[in-house]
2 protein chains.
Amino acid sequence: MRQIDLGEDPLKLDRQVCFALSIASRSVIALYRPLLEPMGLTHPQYLVMLALWESSPRSVRDLCQALRAEPATLSPMLKRLEAIGYLTRRRNRSDERELVVELTAAGRALRQDAEKIPYRVVEELGMEVAELQELHAVLSRVIAATAKPAVE
Amino acid sequence: MRQIDLGEDPLKLDRQVCFALSIASRSVIALYRPLLEPMGLTHPQYLVMLALWESSPRSVRDLCQALRAEPATLSPMLKRLEAIGYLTRRRNRSDERELVVELTAAGRALRQDAEKIPYRVVEELGMEVAELQELHAVLSRVIAATAKPAVE
DNA sequence: CACCATTATTTAGTGCACTAACTGTTAGTG
DNA sequence: CACTAACAGTTAGTGCACTAAATAATGGTG
């Protein structure tokens, strides 16, 4: 067991990485909101669309893995996306347990509008792309660390 | 207008900083869950407690600023924390608009239990403290960038 | 082939975040 | 002092995240 030194007052709000993570996540999502609103999408729905633009007929299970989301979260989201006409939901004939999600023409067409979004977000953030890439790398390590099954 | 180069396929899910931010935030909060559960706290409630341990009788408005939260979010949260006996809510006599939130003895006592939490989280993450500090610094820059009132 | 564990998805219930609208209090202005 | 704008919190409604339980289909195994 190595010794961890967190300095004095490890409960100080402003030092909490978890607090900074929450705020940063909410703040960045807030940047997307006005950009996504014209498409009728929320940020989580936008992530679903990104996953579908990469591979279109795919199962809920597959989407859950790609998005690291619970099926219980995706289930109602997919219904909303179906309701606004961006995708279809149907059972897999060869395995009726599986729900196959597929983009509609409208869903595919949306990609054109979406392509400008990353540039606009980076622009509004006003940070260097290199710094964002570094942030992404650190976040990936955090995600990998939390995904670990607590190896001794 | 400087040119932004996001490489090819800027819509690739795995490259999205916003996606990594969401997952990292949720994953880290998930680390706290089993540690907070014995105290009957959720992670957002834990942040409220951190804010109150720093300064105890304080207004909702003040808490909102410290936590970067909406009053509409804090209002029901504070009622829940009052219901489980960690704080009291009362109006300020000299300004009846203001709600004064104050820790109870139980709320103050909880701090002792909470003090081990940061160490356990860092331990479970298995990352260097230095790297976490660097992450905190980058996140702070992101937060500052999003807080900017879009200066020309 | 019946039984049973596994798998894929859905439903229900709690809590948080966001927006907009509402209530009540205070402070300024004519 | 009456009027009104600003301020502090609350309420209502939508959507997401998490847990646990339910439903339905599939794949062994005896």
Side-chain angles (χ1 to χ4, degrees), chain A residues 18-19 21-34 36-37 40-49 58-84 89-101 146, chain B residues 18-19 21-34 36-37 39-49 58-84 87 89-101 146:
Chain A
C18 62
F19 179 52
L21 264 175
S22 303
I23 306 299
S25 178
R26 288 200 285 126
S27 302
V28 171
I29 288 175
L31 289 184
Y32 281 83
R33 202 164 291 126
L36 294 175
E37 192 268 318
L41 293 177
T42 64
H43 188 262
Q45 289 169 359
Y46 169 69
L47 295 180
V48 172
M49 295 304 289
R58 65 195 299 184
S59 68
V60 170
R61 169 186 155 72
D62 189 22
L63 275 173
C64 285
Q65 289 181 338
L67 295 166
R68 290 171 173 268
E70 297 294 326
T73 300
L74 276 195
S75 187
M77 270 179 62
L78 293 170
K79 286 185 184 173
R80 283 180 210 112
L81 288 170
E82 182 184 43
I84 58 180
R89 297 160 64 251
R90 66 168 191 278
R91 292 284 163 179
N92 182 341
R93 282 291 166 77
S94 66
D95 184 346
E96 291 277 345
R97 291 173 300 184
E98 200 177 285
L99 193 78
V100 179
V101 177
T146 55
Chain B
C18 62
F19 179 52
L21 264 175
S22 303
I23 307 300
S25 178
R26 288 199 287 124
S27 302
V28 171
I29 288 175
L31 289 184
Y32 281 83
R33 203 165 290 125
L36 294 175
E37 192 268 318
M39 310 189 199
L41 292 178
T42 64
H43 188 263
Q45 289 168 0
Y46 169 68
L47 295 180
V48 171
M49 296 305 288
R58 62 196 299 186
S59 67
V60 170
R61 169 187 155 72
D62 190 23
L63 275 173
C64 284
Q65 289 181 338
L67 295 165
R68 289 170 174 270
E70 297 294 327
T73 300
L74 277 196
S75 187
M77 271 179 63
L78 293 171
K79 285 184 184 173
R80 284 181 209 110
L81 288 170
E82 182 183 42
I84 58 181
L87 53 82
R89 297 159 65 251
R90 65 169 191 279
R91 291 286 164 177
N92 182 342
R93 282 292 166 78
S94 67
D95 184 344
E96 291 276 345
R97 291 173 299 183
E98 201 178 284
L99 193 78
V100 179
V101 177
T146 55

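Below, chain A is the first sequence line, B the second, and so on; all start at residue 1. Note that these values count all heavy atoms, side chains included, but never hydrogens, waters or copies made by symmetry.
A:Ala69 comes within 4.0 angstrom of nothing in the nucleic acid, heavy atoms only. Backbone-only contact: B:Pro44 has heavy atoms under 4.0 Å from sugar-phosphate atoms and none from a base.
Here the nucleotide nearest the side chain of B:Arg97, chosen from D:dA8, C:dA17, C:dT6, is D:dA8. Relative to the side chain of A:Thr73, the nucleotides D:dA8, C:dT10, D:dA17 differ in distance, and D:dA17 lies closest. Across D:dG15, C:dT9, C:dA17, the shortest atom-to-atom separation from the side chain of B:Met77 is found for C:dA17. If you check C:dT19, C:dG15, C:dT10 against the side chain of B:Gln45, the one that comes closest is C:dG15. Nearest to the side-chain atoms of A:Arg89 among the listed nucleotides C:dT10, C:dC18, D:dT10 stands C:dT10.
Atoms CD (B:Glu96) and P (C:dA27) sit 12 Å apart, rounded to a whole Å. Here the C1' atom of nucleotide C:dT26 and the CZ atom of B:Arg61 are 14 Å apart, to the nearest Å. Here the C1' atom of nucleotide D:dG9 and the CG atom of B:Leu74 are 11 Å apart, to the nearest Å. Rounding to whole angstrom units, CZ of residue A:Arg90 and P of C:dT9 are separated by 13 Å. In this structure, CG of A:Leu21 is placed 16 Å from C1' of D:dA17, rounded to the nearest angstrom. Rounded to an integer number of Å, the gap from CD of A:Glu70 to C1' of C:dT14 is 15 Å. The distance between atom CG of B:Leu81 and atom C1' of C:dG15, rounded to the nearest whole Å, is 12 Å. Rounded to whole Å, atom P of C:dA27 lies 11 Å from atom CD of B:Glu98.
Two residues, A:Asp95 and B:Leu99, neighbour DNA chain D, and the one matched to the more 5' nucleotide by heavy-atom proximity is B:Leu99. Residue-to-nucleotide proximity on DNA chain C shows that, of A:Ser22 and A:Ser59, the 5′-proximal contact is made by A:Ser59. With the nearest nucleotide of DNA chain C identified for both A:Ser27 and A:Pro76, A:Pro76 has the one nearer the 5' end.
Nucleotide C:dG30 has D:dC1 as its partner under the Watson-Crick or G-U criteria, with both atom distances under 3.5 Å.
OP1 or OP2 of D:dC18 sits under 4.0 Å from a side-chain N or O of B:Arg26. For the pair A:Arg33 and C:dT19, the criterion of a side-chain N or O lying under 4.0 Å from OP1 or OP2 is met. Under 4.0 angstrom from either OP1 or OP2 of C:dT26 there lies no side-chain N or O belonging to B:Arg93. Phosphate contact (OP1/OP2 of C:dT9, side-chain N/O of A:Lys79, threshold under 4.0 Å): absent.
A 4.5 Å side-chain heavy-atom check between A:Leu63 and A:Leu78 finds at least one atom pair inside the cut-off. The shortest distance between side-chain heavy atoms of B:Gln65 and B:Arg61 falls below 4.5 Å. In this structure the side chain of B:Arg58 never reaches within 4.5 angstrom of the side chain of B:Val100, judged on heavy atoms. Using a 4.5 Å cut-off on side-chain heavy atoms (C-beta onward), B:Cys64 and B:Val60 make contact. Side-chain atoms of A:Ser22 and B:Ile29, non-hydrogen and from C-beta on, do get closer than 4.5 Å to each other.
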Fill in: Intermediate values then yes/no, side-chain contact (heavy atoms from CB on, under 4.5 Å), A:Val101 and A:Leu74
CA-CA 11 Å; A:Val101 177; A:Leu74 276 195; over 6 Å; no

